[in-house]
Every structure is written in C-alpha cells, then in structure tokens.
Amino acid sequence: MVEDDTDAWLKFRVLCILPDKSRAKPVCVAFQSSPLGLRLPPIGDMGFSKAQLLQRLQSQQIHFSQYDHPVVMTVEAQAKYVGHIKAGLSKNLFLKDKKHRFYIVSALADTKVDLKVLSQRLGLGKGGLRMAPEEAVGEILEVPLGCVTPFALVNESARNVSLLLDQGFKNHECCFFHPLSNDTSISLHIQDLDKFLESVERMVAYVDLEANPPVGKDQPPDLAALVPSDTLSIDNVLVKTATLKIDGDVNSKPVAVTAKASKVTSGPQKEKSVNTTNSSSSFADPEKFIEEILKKASAIVVAEIKEENIKQHGDQLGSVVSNSIRKNLSLELKNLATKFKNTAYTEGFGAGIRCPAKRL
Amino acid sequence: MERKQKKKKIKSLDQSLVDRVSRLTSRPPHIFLRRNVFFAHRYLQDAFKVPLVIQLTDDEKCMWKNLTVEESKRLARENAKDIIACGFDISRTFIFSDFDYVGGLNVRFSRAVPFMRTWFAKCVTYNKVVGIFGFTGEDHIGKISFPPVQAVPSFPSSFPHLFSGKDKLRCLIPCAIDQDPYFRMTRDVAPRLGYNKPALVESLFFPALQGETGKMSATDAYSAIYVTDSQKQIKTKVNKYAFSGGQDSVENHRKYGANLAVDIPFKFLSFFLEDDDELDHIRKEYGSGRMLTGEVKKRLIDVLTELVERHQAARAAVTDEMVDAFMAVRPLPNMFN
C-alpha cells in the first residue's frame, strides 16, 4: 500500500467503501493524491510499505534514526524539520532516457547535478536524460511523488532501475533518505545503505556527480556501464504488476561498475546475450564441445569425399582427407579447446575462492 | 598498453624454435583495443611451454593520457578481455594491472613490487632517465618515476607467488620497437641487482592501411582494421583505403606486375594468411601481374573478416569471472610443463 498524507487518505477512503452490503469490511485502497488528480495504485499488494522497510532494516541490524514530520514534497520543506540535525540531506531525482530506461540519482542537497553532463557520461548523448513522468514514480518505484529514494529499489518493479549515488555521501557520517514515505526521514550511515542495497542484490555505484569529463572518440562515456541492460517501458511494468510477479530475467544481474562491456565497443548487447547463453554451450559442456568438434570435422570429410577426389586420389583419399582436417581445423579446434579449458579453470577457481579453506 | 614478458628456464635455444620465433610478428598494442592485436606471445607460450606474465600499465595511461583512475582500470580490464580472447592458456598465464597488483588484496605478495621499484630506481640517475626518455622540466614527476614500474616485472622476484626462490630465471620480452629504451635501461641495471638481463624480441611497427608513410591510430578509423569492425566496415576499409601496389591501368599491371614492397593488401596477407602455399601463389601471380589488386583485396577481406569474427566470438566467451581468474594472484603449478 502506498501511504500518503493522512487527510487526503481519509477523504478517499470514505469514497471507496463498497456499496455491496454483503461485504462488511471496506475495501481498503490507498489513493495517491497528485496535482493531476486521482490515480489508481498498482494492482495487487506489491510495493513495500514504510513499515516493512523499517522492519527489514532492523532485522539486518541496520541502525537508523527516524524522524516523523508532516508530508514534505521538497528538500527545502524537509530541511525545515530535520535540517538542524547533523546529517546530509539528499535530493533524489528519478530520470528516464529515450529508451525507457530508468535511473535514480541520489545526491547531497547542495551537489550540482547537470542532466546534460550526466546524459553524456552515460553515453546517451546530449539531452538523452530527462525527468521521468510522474506516473513512473508510482508505477516503477512504488512510492508517492516527492518521495524518490534509493530504498525504492527494494521493490521488484524497480529491478532494472540504475542507482547513482553521490560520492559526496561518503563525506558525511549519516545521510537522510525517505523510507518509502515522505512523512518520515531516516538518517543512517552510508555504509549501511550499501549493506541494505546489497542485501536486495542491488549494485551500489558511487559517482562524482559534479565531474564533467570530456566525452569523445578517445574518451568513452565513463558511466556507460551504469545504463540498465534491460529496457522496461511503463506498459511492461503495468502488465507485469498485474501478473503479480516480475520475471527475474537473464540480464537482470547487477551491472558491475568497472567491468561490464560499455557502449564503447560495438554490439555490447549482443555480447552480453552471447555471454550468458555460451556459458552453458560448447565452452563449458563437454557434450556440446565434442559435438562442435565432430560437426566441423564431419563437414570437412563430407566436403572432401567427392567424385573427382575419389578419382584423383583413389586409395590415398583417406590421408588426403585426414591432412585436410588437420590443416583446416588445427587452429580452430585449438582455440575451442583453450576456451573450454579456460572456462573450466575459471569455474573451478570461482568455486575454490568461495569455499572456506579447510586447512590444518 | 600491455607489456608481455615470459620466463624461460632453458639456456640454449633449439634452432627450429628460433626460426619459428623469427617468423612471427607482434603488433604495437593499443589502449582502446579497437585494433586487431594478434599476439605472437601465444605462439611463444606454446612453443616454449613457459609461463606468460602480462602487465597492464593502467597507471601509465592514467598519467600520460589524463584519464581517471577508475577509467584506466576499466579500460585495462577491457584490454584484458581482448588479450584473453587471443587464446592464452589460463594455467600458464598471469595478467596484472599496475594499480591492482600493488597494494591490492594480495598483501602478502604485493610487498615485493614496491621494494623492487625502489631498488631499481636507486640504480638510475635523473640525468640518465632524462637522456633516455627525453623528459623536460615541465613533465610531472609521475612520468619521471614511471620507468621502474615498467622495468621491474622483468625480474622473477616481482612475482613471489610464481617464482619464489627462482631468482636466476630468464625473461624473454616480445615487444614493439618503441619499447626498446625501457628495456635497454632494464638490461643495464639488471646485473647491478644480481639478476639476469631480460632478452628482447622486437618487432617493427605494422604499416597503416594507407601505406608505410601513415601511422595506425585510434582517431583515424581508416588507418587500421579494428577488432570491433563489422564485415561491412572491413570491406569498405580495405577496398577504399588500403594502399595498392598495383599499377594504374590493367595493361600496365599485366605488363609490370604489382610492387609487392609497398602493396598493403599483400603485406597484410603475409601476416594473416595462414596457408603458406596460397600466399606463395598470390606472391607469384600478383607480382607478375596475372592477378589483379581487386582479387587480392577480396582475399584479404575474407581473411580479416574470419579473424575478426573469430576474435569477437572468443571475446564474447570471456566472462568477468575469467578475467578475475587470469588476474588472481595464484600459483601456476604446471607453468613449465
């Protein structure tokens, strides 16, 4: 349920008691008040509530200080109530690019954020980034307007939203964020925010938001790795929320800041999808590996055994074909074998470092 | 940029291996790896059955090209993926980046390198390094103190997790000719530190598409074929920009043949075409004028396309975990087998 300021909520709650007298209890639907008028909430009980979030934080032993106040829609308003406390205030922007990918930029209140620069740094060109439409705040982040917060990533619908955190947060001991509701602000250590986000499998990316590095042919966009790999339009989200489950698809693993193929090299999307399918293909699976080898060898054998060759070589055809296989396939099979070996080694290595060392 | 080094235990070289080595080529590495990097090092690794150590000088790029540390590290990792795609054997290869190897997670081993750098640095005077590299008073001290960073991986004691106790191990460094000053300086200092001098195999620069006068560069897309090029791009580049040694008219060409010394498509084929017989055939036919430039270019396009596609497929198979494994500070038990 999305919480809202009490007055408005009560007003709407009255309206929605069903006229059906056989049903005694009222249908409790929370409405979002917005300058545009009434909006329906997502179907089903999907979004995390403030209470649920705070409970989660407590269960992870994350300490935070909670401050309740009247609903605030802006940083200035928030500052009136908690500005005196020694913690960094955050301003949170919910952005969208032309390919319907979403980003949360969470920054210290006085960090200057230039959307044009960010857009270039992400490799979206100039003007590729704009404020997301108001509907998206509710539909994707499942928080009320004015409540954009990194904590919104706890929701499944926000699975593919990329989060950019201001490097400046690290200079403060504690920082303020809305815990999914704008009638409360909680301050917590920034490392605890990291811890929480990691616990819901979100990658944490700290960015110097005020930096303005040149982007050009020789200088690839430095934040390109933070662009979500999936495009998720609002329509998709609605459909998915209706079915009460968002698919965790293959590409939804967190994008690592330093290592993912960026937009600098051509065809990064192709590369990624090939990557994930190949991990179970001929490089890791002995059966497929052998199949690949036999397929290539057979192709050459079949090609070589033709009438003219039989006539030309007669008995020697066997050794001719054999030489042909050797000549044409040596390099290729060697490459294939090396990939297989390297993949196997890597898997073993990965398993080894994850397993606690048992030594006497 | 990458520096490749190999450690070799054998003292005398088999003549056939030397012949094989001399036939191979290496290419100047390129920071953004949009260029085809076809390393001879892999053949050397296979030929000699020795471990290969690859140094990614991300700190050098950070200093010379004014990149941020994060950006340099990221590019180094991208470089590493392309290198791995060339088919190096993970059980005999250690890749490291300057930023990460020193002071990284492997504290136990990372002490060796700063120690080696200091020890090395003490053996090279300021005047000498200015003389070798041409530094001026305006160059920042990061650049001036960089040479030891490049030199020190030539010595086995920089890699205690690999060569502990094997201080007399010999090192072979295949590199491009522009790296010569670094390693001549290293050879000079090595005896003073009590190590063997590293041996070098140097190669000349590969000609640009436009011919010997040009230079391959990342800013000029038509000077080189990039590993990220599509088939169409390769076709355009070779057809339009590859400098031809053929004559200006068909009649003249049939009469005089092509000038193979300056012909770029033929030169490229001599590097990339695996089949010796076919290359010989082209040499005869094209040189005599019976074969036209268009045919040679078409063959080159096929060869390059296959190469680039193979590389791209191989690169797609390189996962981040694989890069981590190649770069992990770990023993290589079978490195000399």
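We use all heavy atoms of the structure for the numbers below, so side chains are in, but hydrogens, waters and symmetry mates are not.
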Measure across [X] and [Y] and return the closest heavy-atom pair with its distance rounded to 0.1 Å.
| X | Y | result |
| --- | --- | --- |
| A/Asn342 | B/Ile90 | OD1-N, 2.9 Å |
| B/Ala317 | A/Lys339 | CB-CD, 4.0 Å |
| A/Thr338 | B/Gly87 | CG2-O, 3.4 Å |

I need the [X] [atom1] to [Y] [atom2] distance, nearest 0.5 Å.
| X | Y | atom1 | atom2 | result |
| --- | --- | --- | --- | --- |
| B/Arg330 | A/Tyr345 | CZ | OH | 3.5 Å |
| B/Arg310 | A/Glu332 | CZ | CD | 6.5 Å |
| B/Met322 | A/Thr343 | CE | OG1 | 3.5 Å |
| A/Asn335 | B/His311 | CG | NE2 | 11.0 Å |
| B/Asp324 | A/Ile353 | CG | CD1 | 7.0 Å |

The interface call for B/Ser91 against chain A, heavy-atom contacts under 4.5 Å, is both
Does atom NZ (A/Lys327) have a neighbourhood of more than 12 heavy atoms from anything else shown, all under 6.0 Å?
no
Above 12 or not: heavy atoms from other molecules or residues under 6.0 Å from CD of B/Gln231?
no
Any residue meeting ring-ring contact (aromatic ring centres under 6.0 Å, His included) with B/Tyr241, in chain and number order, not counting sequence neighbours:
B/Tyr222
